[in-house]
Protein chains: 2
Amino acid sequence: MDTTFPDIRSFGGAAAFLRACKPRTVLGIFTNKWSGLVMGALLDGPRRFNELRRILDGLTQKVLSQTLRNLERDGLVTRTVYPTIPPRVEYELTELGHSGVGVLRAIGDWAGEHADDVIAARQAYDERAREPVKPV
Amino acid sequence: MDTTFPDIRSFGGAAAFLRACKPRTVLGIFTNKWSGLVMGALLDGPRRFNELRRILDGLTQKVLSQTLRNLERDGLVTRTVYPTIPPRVEYELTELGHSGVGVLRAIGDWAGEHADDVIAARQAYDERAREPVKPV
DNA sequence: CAGTATCCATCTTGATACTG
DNA sequence: CAGTATCAAGATGGATACTG
């Protein structure tokens, strides 16, 4: 059986693992609150800044700006400036970005399939915590 | 082509999406810093608390305790107390937990395959940012 | 052994205002 | 239009000490 998933022991502990493991440095892409949503909004093609703001209603300019800059820095999104007046900037998923969406989709699929299980488990746990200990 | 991944528009904006989308409430499992590592440490079978501490060297008791409690609450891990002296507590992945590891593996695989691309993109981006050095 | 309690550092998110 | 700057708040992570 395959038991190598995180394989922390070969790194000498979790702390060392976090430091040494290159893939781990990349995980921020998927743990970020907005990255996935922004990438999803780019699936249909290039989008302008305020276009994204409208689609993703609820993000402040700052957060959208930050998210896009991080995605650009990680090579998941390209930023193209057209030197017109007024300025026109388009964001578009790269190949790498599209492949990343695949992972996002896998996460989303699991969440969709099992959300009810998890929510039920949470309710059961919270109710157990409120009740006194049942005698055996 | 499938373009329905986050499908934010059908929710009326990202803010509403985050509130209404049940799967989204479950994503914390994968965005947590330690959950994946702890679940990985449970792949080989049940583990005791301090056993996990040794495997995951670097976690404090508090963080391990918190992580395990969250995993238990979400139904991914069971906690079994043996009323011996000294106390013996064992943690074990549930079926749901094992299926969650599958997602973690997908994330890890992508990260492993593309970490170098992302790291290279970051370096390129950071170097571009340093170029236009203007004298003060 | 298996935790809790406390206190603090940091990181992320966000509201608001301003700019080329 | 497409951003940046500033400040504040909250979540998260962690070091240390104590307990049944």
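Lettering follows sequence order; numbering is per chain, from 1.
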Contact check, residues 61-70 of chain A vs DNA chain D, heavy-atom distance under 4.0 Å, returns A/Gln61, A/Lys62, A/Ser65, A/Arg69
By salt bridge (Lys or Arg N to Asp or Glu O under 4.0 Å), A/Asp116 pairs with (sequence neighbours left out) B/Lys22
Taken in chain and number order and not counting sequence neighbours, the residues that satisfy side chain to side chain contact (heavy atoms under 4.5 Å, CB included) with A/Thr94 are A/Thr78, A/Leu96
By ring pair (Phe, Tyr, Trp, His ring centres under 6.0 Å), A/Phe30 pairs with (sequence neighbours left out) B/Trp110
Across all chains, not counting sequence neighbours, the salt bridge (Lys or Arg N to Asp or Glu O under 4.0 Å) partners of B/Glu51 are B/Arg47
Closest non-hydrogen contact found for B/Ala41 with B/Ile55 is CB-CG2, 4.1 Å
For A/Asn50, the side chain to side chain contact (heavy atoms under 4.5 Å, CB included) test, sequence neighbours excluded, returns A/Arg53, A/Arg54
Applied to residues 64-78 of chain B, the salt bridge (Lys or Arg N to Asp or Glu O under 4.0 Å) test, sequence neighbours excluded, yields A/Arg122-B/Asp74, A/Asp126-B/Arg73
Its dot-bracket string being built from Watson-Crick and G-U pairs below 3.5 Å, with | for another strand and [ ] for crossing, DNA chain C has the pattern ||||||||||||||||||||
Those residues at least two apart in sequence (or on a different chain) that pass side chain to side chain contact (heavy atoms under 4.5 Å, CB included) with A/Leu27 are A/Arg24, B/Ile107, B/Ala111
Residue set satisfying side chain to side chain contact (heavy atoms under 4.5 Å, CB included) with B/Glu90, at least two apart, ordered chain then number -> B/Pro46, B/Arg48, B/Tyr82, B/Arg88
Residues in residues 72-93 of chain B with a heavy atom under 4.0 Å of DNA chain C, by number, are B/Arg79, B/Pro86, B/Pro87, B/Arg88, B/Val89, B/Tyr91
Sequence neighbours excluded, the answer for salt bridge (Lys or Arg N to Asp or Glu O under 4.0 Å) partners of B/Arg79 is none
Taken to the nearest whole Å, CZ/B/Arg53 to P/D/dG14 is 13 Å
Here the distance between atom P of D/dT12 and atom CG of B/Leu27, to the nearest Å, is 13 Å
B/Phe49 atom CZ is separated from D/dT19 atom P, nearest whole Å, by 18 Å
